[in-house]
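Atoms considered below: every heavy atom in the structure, side chains included; atoms not considered: hydrogens, waters and symmetry mates. Computed from a predicted structure; not experimentally measured.
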Amino acid sequence: MLTEENLEYYTRKVGEPLTAEEKAEIAALKDRPIVFDEDCPPMSQKENEEIRYLIRKYNTRYITTEMWMAEFPERFKRESVGRNLEA
């Protein structure tokens with residue numbers, strides 16, 4: 001489990017070339033399979049297109065729920081809202 005004590009922090013400048021060690025780490029990961037779990041399922045093609053749209057529109061990689069709701073309100077509508085459930 002990650003804790004504050006065992007986290008490593010890296011700061012990179014934009015455009016800074018990779019070190020030989022970083023290139024070796026990336027090369028070692030290229031043949032490993034991507035493993036998804038219940039906390040991070042794979043995205044559908046539609047979800048991928050939506051997030052790419054939001055990244056370009058808002059010029060950010062940090063996409064909030066509010067951005068999703070503003071751009072794709074139909075995803076957040078619930079069928080039971082506004083219905084008389086006692087009828």
Side-chain angles (χ1 to χ4, degrees):
M1 178 170 160
L2 289 177
T3 63
E4 192 67 31
E5 295 81 35
N6 64 7
L7 287 178
E8 293 184 32
Y9 294 92
Y10 296 94
T11 304
R12 296 194 57 80
K13 293 182 181 175
V14 175
E16 183 178 299
L18 296 174
T19 65
E21 182 182 2
E22 292 167 331
K23 288 178 184 178
E25 283 182 40
I26 293 170
L29 294 173
K30 283 190 176 184
D31 294 328
R32 289 182 59 186
I34 298 171
V35 179
F36 297 100
D37 58 23
E38 65 275 356
D39 292 340
C40 185
M43 287 194 298
S44 68
Q45 183 64 30
K46 181 179 178 185
E47 291 170 325
N48 191 12
E49 289 169 4
E50 288 174 354
I51 200 161
R52 290 174 60 89
Y53 166 78
L54 292 172
I55 288 168
R56 285 191 304 273
K57 180 173 182 177
Y58 292 96
N59 195 26
T60 182
R61 293 199 87 27
Y62 181 71
I63 305 300
T64 65
T65 303
E66 290 77 18
M67 290 176 187
W68 281 98
M69 291 175 75
E71 295 295 325
F72 307 104
E74 66 280 357
R75 288 179 131 217
F76 297 92
K77 290 183 182 176
R78 295 191 179 163
E79 291 182 23
S80 63
V81 173
R83 288 187 182 174
N84 185 354
L85 298 178
E86 294 177 18

The salt bridge (Lys or Arg N to Asp or Glu O under 4.0 Å) partners of Glu21 (sequence neighbours excluded) come to none

Residues at least two apart in sequence or cross-chain that pass side-chain contact (heavy atoms from CB on, under 4.5 Å) with Arg52, listed by chain then number, are Asn48, Arg56

Students should find that the hydrophobic cluster of Ile26, defined by side-chain heavy atoms under 4.5 Å apart, otherwise consists of Leu18

Grouping ILVMFWY residues whenever side-chain heavy atoms fall under 4.5 Å, the cluster of Val35 otherwise contains none

Would you check if [X] and [Y] make a side-chain contact, meaning some heavy-atom pair closer than 4.5 Å?
X     : Y     : result
Ile51 : Ile63 : yes
Thr64 : Met69 : no
Phe36 : Pro41 : no

Across all chains, not counting sequence neighbours, the side chain to side chain donor-acceptor pair (under 3.5 Å) partners of Thr65 are none

One should read off an interatomic distance between Leu54 CG and Asn59 CG, to the nearest 0.5 angstrom, of 12.5 Å

Quick note, salt bridge (Lys or Arg N to Asp or Glu O under 4.0 Å) partners involving residues 34-51, not counting sequence neighbours, are Glu47-Arg75, Glu50-Arg75

Salt bridge (Lys or Arg N to Asp or Glu O under 4.0 Å) pairs touching residues 57-69, sequence neighbours excluded, are Lys57-Glu71

For residues 49-68, the ring pair (Phe, Tyr, Trp, His ring centres under 6.0 Å) pairs (sequence neighbours left out) are Trp68-Phe72

